[in-house]
Trainee: 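I'd like to ask some things about the structure below.
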Amino acid sequence: MNADTLVFGMKHRAMTKKDLHYILSEKLENFRKQGKNISELNPILALADDICEQLYQKNIGHEDIDQLLAKMGSQLWGNQISELRVKTGAEKDAETILSARNLASVDVSKTIYHAVFTAHPVFSLSATNSRKLSEMAGRNIAKPFPENAYDSRDEISLQDEHDEATFAIKNAREAIMSLHKKILRDKYSKKFPGWRDAVPKLFAVSTWVGYDLDGRSDISWLDSFRLRLSEKKTSLDLYVEKLAPFLGSQAGVVQIIDELSAERLATEADLMRFSKIEDNGFADAANLLSERQDKLTASKVFAERLQRVAADTQNPEEAIELLAIAGDIASNGFGLGELHLRINAVQLTNAMGVVDGKGNFVSLTDGRSRTLVERLAERICVETGSSINFQNLENETATARRQLMLATQILKHIDSDQPIRLLIAECEHPVTIMSALFLARKFGIDDRLDISPLFETTFGLEHGVQLVEQLLGYEVFRDYISKRGCLAIQTGFSDAGRFIGQIAANLAIERLQLKVAKLVSDVFDGEVTFLLFNTHGESLGRGCGRPTIEDRQNFILTPYVRSQCQMMNLSIHHQSSFQGGDGYRMFGNRELATSTIYSLFLVEN
């Protein structure tokens with residue numbers, strides 16, 4: 001048979017491959033029309049049955065289907081490359097647009113946006129083909145079409161998820177440093193006064209990959225702690241590499257590199273021990289890390305030291321480079337990015353059942369009880385806190401308590417300067433948030449933990465503002481928000497769409513954002529920031545699927561909400577999600593990551 005021709009014996013006439021594609025498409029359309037009248041008819045299954053019958057009758061062969069799939073795959077691959085370029089802003093050259101802006105007036109010392117890297121097991125392409133797609137999109141080439149590009153992925157481990165997130169986050173951090181340097185150069189060229197005085201923290205990244213226990217039971221505290229240790233090692237590698245070119249010209253950098261290099265070796269040894277902890281090495285790993293007196297946990301001091309070096313150097317280009325590195329350290333510390341721990345309200349309820357031991361205080365059977373919230377508020381005021389160790393963490397069975405104990409150990413032994421976000425899914429009652437604050441106070445981390453309710457259920461979206469309002473009625477909660485400098489909430493476009501439908505959910509989320517913003521403005525009069533994390537998947541049905549960054553960002557945080565907050569003089573710290581693996585491809589190489597970050601800046605600034 002000719003490679004360009006398919007023969008259908010029943011009709012005794014030649015048809016090209018295009019005809020086969022056309023015929024199958026026409027049949028699918030007919031099945032869809034029938035499906036409108038016959039509810040039991042599934043058009044996809046009906047077409048599959050028809051193809052099987054054609055194969056059985058030998059009217060077509062398996063090689064014909066293979067050729068058709070290859071051709072369709074090649075077309076799809078080209079479409080994905082085009083869409084990725086449009087989505088990231090590479091097609092319209094965001095860098096040129098950015099250069100036309102007055103960047104000198106931008107306050108780089110104030111964080112306004114975080115890109116949050118999230119993950120559920122939705123990685124359809126292999127890591128190799130996913131990166132290849134990004135590389136080709138970055139170079140704007142559609143051929144050659146990779147062999148087996150769309151082969152199904154048999155499995156994905158937690159380490160696989162984390163590795164892919166790490167790759168994307170490192171590209172994102174490079175792009176953010178590029179943005180910060182571009183702004184600093186504009187300040188310098190326009191002789192903007194005091195341009196060396198501030199460490200740039202305008203944009204940053206966050207991640208919950210390896211730390212999300214909402215609906216997952218395959219991640220142990222040890223998995224999460226090991227991953228955070230590995231992230232510390234990765235970041236120390238990056239900082240030493242970035243600072244190495246300045247060894248000959250900046251004396252102040254030498255001591256910094258020596259200290260970071262020593263900590264890198266020690267962290268590598270810690271990681272090795274925790275990786276072999278199952279081999280009867282628990283006490284060894286825990287004790288050596290806990291008792292290591294010289295471990296570096298204060299990351300921000302290095303950013304401050306680099307800022308002073310940059311302020312003193314006579315070379316403005318070196319000053320810009322050093323300030324960008326200082327900003328990277330200040331924003332990410334000894335980790336890949338800001339850490340998000342995620343649990344759900346039920347897990348928190350279960351954890352509170354063992355807090356007091358008296359039974360009459362901690363029952364959360366009536367989550368709406370104001371009396372219970374008041375009791376918790378009173379207890380928080382007098383709670384002195386308690387010390388924990390790795391053995392306590394290992395023995396803990398309640399998920400929410402274990403996550404907060406994990407946060408305590410991370411702050412104690414890995415990075416004491418970087419705050420941690422506690423995301424609470426399906427949050428519907430004030431007692432849930434007050435319980436989290438009680439546990440945070442009990443473990444002594446409430447000064448570095450931002451507790452964030454996730455509003456996604458029907459009840460949560462309708463009554464979320466009342467929840468926040470009731471909490472703000474308690475002095476202990478207002479004091480907590482004032483000390484942290486922000487009130488944090490999360491909205492869930494993906495699950496909200498599942499609960500009440502995307503259109504209704506979008507309207508409900510916008511109303512919630514506006515009402516909570518008004519509360520924050522009225523209660524704190526501009527003294528705290530409104531930290532708003534909008535999370536979604538990468539498809540239209542999960543709250544995304546928009547063609548450009550501008551459409552994407554203005555869909556989850558509308559221009560109306562942004563303008564209203566501006567009129568209230570309320571600062572917004574916006575965060576939004578990029579879900580693996582489609583979202584990661586927007587940061588799949590340096591070119592796409594830079595276009596994505598520049599496009600985000602054009603919307604968020």
Side-chain angles (χ1 to χ4, degrees), residues 98 101-116 172-173 175-188 190 192-206 299-304 306-308 310-311 319-320 322-333 337-340 417-421 447-448 450 452 481-489 513 516-517 520-521 524-534 553 557 559 561-576 597-605:
L98 189 66
R101 293 287 188 94
N102 177 22
L103 301 178
S105 61
V106 176
D107 181 4
V108 292
S109 67
K110 178 182 174 184
T111 305
I112 62 170
Y113 180 76
H114 269 69
V116 185
R173 284 173 59 169
I176 289 170
M177 290 176 66
S178 172
L179 172 66
H180 289 162
K181 286 187 282 190
K182 200 170 186 64
I183 295 171
L184 290 173
R185 287 191 183 100
D186 201 47
K187 288 178 180 288
Y188 166 67
K190 294 177 180 177
F192 195 86
W195 66 269
R196 300 185 193 217
D197 296 342
V199 172
K201 297 179 290 186
L202 190 70
F203 269 39
V205 296
S206 309
S299 58
K300 287 188 177 178
V301 66
F302 291 95
E304 294 165 358
L306 281 177
Q307 189 274 326
R308 291 195 293 270
I320 290 169
L322 288 168
L323 284 172
I325 298 169
D328 193 41
I329 296 175
S331 296
N332 304 301
E338 178 190 47
L339 176 60
H340 286 192
D417 285 343
Q418 289 299 314
I420 293 174
R421 185 82 48 80
D447 59 334
R448 289 163 293 174
D450 291 310
S452 176
I481 295 299
S482 295
K483 288 176 183 176
R484 286 299 310 133
C486 67
L487 186 144
I489 70 167
Q513 291 169 344
V516 175
V520 177
S521 177
F524 296 102
D525 194 26
E527 294 298 316
V528 304
T529 299
F530 183 26
L531 200 167
L532 178 57
F533 175 24
N534 290 309
Q553 298 304 106
L557 185 59
V561 174
R562 295 173 190 267
S563 65
Q564 289 298 301
C565 289
Q566 192 172 26
M567 289 175 63
M568 297 178 207
N569 197 31
L570 177 64
S571 296
I572 300 177
H573 178 173
H574 188 205
Q575 301 193 350
S576 63
I597 290 297
Y598 285 8
S599 297
L600 285 165
F601 172 78
L602 292 171
V603 180
E604 298 294 340
N605 183 53

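The figures here come from the full heavy-atom set of this structure, side chains too, leaving out hydrogens, waters and symmetry mates. All values reported here derive from a predicted model rather than from experimental measurement.
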Trainee: Would you check if there is a donor-acceptor pair between the side chains of Glu338 and Gln418 at a distance under 3.5 Å?
Mentor: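 No - no donor-acceptor pair under 3.5 Å links their side chains.
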Trainee: Would you say the side-chain atoms of Asp450 pair up with the backbone N or O of Ala488, donor to acceptor, closer than 3.5 Å?
Mentor: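 Here the side-chain-to-backbone pair does not exist.
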Trainee: How close do Gly327 and Lys201 get, counting heavy atoms only, and between which atoms?
Mentor: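 Closest pair (atom of Gly327, atom of Lys201, distance): O-CG, 4.5 Å.
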Trainee: Could you walk me through whether Asn605 and Tyr113 pass the side-chain contact (heavy atoms from CB on, under 4.5 Å) test, one step at a time?
Mentor: CA-CA 9 Å; Asn605 183 53; Tyr113 180 76; over 6 Å; no
Trainee: Let me confirm one number: the CG-CD1 distance from Leu487 to Ile481, rounded to the nearest 0.5 Å.
Mentor: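 Spacing of CG (Leu487) from CD1 (Ile481) equals 4.0 Å.
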Trainee: I need the minimum non-hydrogen distance between Ala310 and Leu322, along with the two atoms involved.
Mentor: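 Scanning both residues, the minimum pair turns out to be CB-CB, 4.1 Å.
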Trainee: For the residue pair His574 and Phe530, establish whether any side-chain heavy-atom pair is separated by less than 4.5 Å.
Mentor: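 No, their side chains stay 4.5 Å or more apart.
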Trainee: Would you say that more than 12 heavy atoms from the other residues, nucleotides or ligands in this model lie under 6.0 Å from the CG of Asn569, or not?
Mentor: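 Counting neighbours around CG of Asn569, 12 or fewer heavy atoms of other residues, nucleotides or ligands fall under 6.0 Å, so no.
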Trainee: Please tell me whether Gln307 and Arg196 have a donor and an acceptor in their side chains that are separated by less than 3.5 angstrom.
Mentor: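 Arg196 and Gln307 do not have a side-chain donor-acceptor pair below 3.5 Å.
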Trainee: Is a donor on one side and an acceptor on the other found under 3.5 Å between the side chain of Asp186 and the backbone of Ala104?
Mentor: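 Side chain of Asp186 to backbone of Ala104, a donor-acceptor pair under 3.5 Å: yes, one is there.
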Trainee: Give a yes or no on whether Phe192 atom CZ has more than 12 heavy-atom contacts from other residues, nucleotides or ligands under 6.0 Å away.
Mentor: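 Yes, the 6.0 Å shell around CZ holds more than 12 heavy atoms from other groups.
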Trainee: Do Asp447 and Lys483 meet the salt-bridge criterion of a basic N to acidic O distance under 4.0 Å?
Mentor: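 Asp447 and Lys483: not salt-bridged.
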Trainee: Mind checking whether His573 and Phe533 have ring centres under 6.0 Å apart?
Mentor: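 Ring centroids of His573 and Phe533 are no less than 6.0 Å from each other.
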Trainee: Provide the closest heavy-atom pair for Ala175 versus Ile597 in the form atom of the first, atom of the second, distance.
Mentor: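 Looking at all heavy atoms of both residues, the shortest contact is CB-CG1, 3.6 Å.
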Trainee: If you round to the nearest 0.5 Å, how far is NZ of Lys190 from CG of Leu103?
Mentor: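 One finds 6.5 Å between CG of Leu103 and NZ of Lys190.
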Trainee: Checking Lys110 side chain against Pro200 main chain: does a donor-acceptor pair fall under 3.5 Å?
Mentor: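 A pair under 3.5 Å: no.
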Trainee: Would you call Pro419 and Arg484 a side-chain contact if the rule is heavy atoms closer than 4.5 Å?
Mentor: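 Counting from C-beta outward, Pro419 and Arg484 do come under 4.5 Å.
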Trainee: Which distance, rounded to the nearest 0.5 Å, do you find between the CG of Leu323 and the CG of Asp328?
Mentor: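 Result: 12.5 Å between the selected atoms.
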Trainee: If you apply the rule side-chain contact (heavy atoms from CB on, under 4.5 Å), what do you find for Val205 with Val116, and how did you get there?
Mentor: CA-CA 6 Å; Val205 296; Val116 185; over 6 Å; no
Trainee: Decide yes or no for Leu570 and Phe524: does some side-chain heavy atom of the first lie under 4.5 Å from some side-chain heavy atom of the second?
Mentor: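 SC-SC contact between Leu570 and Phe524 ruled out.
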Trainee: Main chain of Pro559, side chain of Ser563: is a donor-acceptor contact present, judged purely on distance under 3.5 Å?
Mentor: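 Between the backbone of Pro559 and the side chain of Ser563 there is a qualifying donor-acceptor contact (under 3.5 Å).
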Trainee: Rounded at 0.5 Å granularity, tell me how far CG in Leu531 sits from OG in Ser452.
Mentor: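 It is 7.0 Å, given to the nearest 0.5 Å.
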Trainee: Between atom OG of Ser206 and atom CG of Leu339, what is the distance when rounded to the nearest 0.5 Å?
Mentor: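 Reported to 0.5 Å precision, the distance equals 9.0 Å.
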Trainee: Which heavy atom in Asp417 sits nearest to a heavy atom in Ser299, and how many Å separate them?
Mentor: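 Heavy-atom minimum between the residues: OD2-N, 3.0 Å.
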Trainee: If we only count heavy atoms from C-beta on, is the Arg101 to Leu602 side-chain gap below 4.5 Å?
Mentor: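 Heavy-atom side-chain distance check passes, below 4.5 Å.
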Trainee: Rounded at 0.5 Å granularity, tell me how far OG in Ser521 sits from CD in Glu527.
Mentor: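 Reported to 0.5 Å precision, the distance equals 11.0 Å.
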Trainee: For the residue pair Ala326 and Leu306, what are the closest heavy atoms and their distance?
Mentor: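 Closest approach of Ala326 to Leu306: CB-CB, 3.8 Å.
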Trainee: How about Gln513 and Asn534: does a side-chain donor come under 3.5 Å of a side-chain acceptor?
Mentor: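 There is such a pair between these side chains.
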Trainee: Decide yes or no on side-chain contact (heavy atoms from CB on, under 4.5 Å) for Val603 and Arg562, but give the supporting numbers first.
Mentor: CA-CA 11 Å; Val603 180; Arg562 295 173 190 267; 4.0 Å; yes
Trainee: Determine all donor-acceptor pairs shorter than 3.5 Å in which one atom belongs to a side chain in residues 176-183; sequence neighbours excluded.
Mentor:
from, atom 1, to, atom 2, distance (Å)
Ser178, OG, Tyr598, OH, 2.6
His180, NE2, Leu202, N, 3.3
His180, NE2, Phe203, N, 3.3
Lys181, NZ, Glu321, OE1, 3.2
Lys182, NZ, Ser99, OG, 3.4

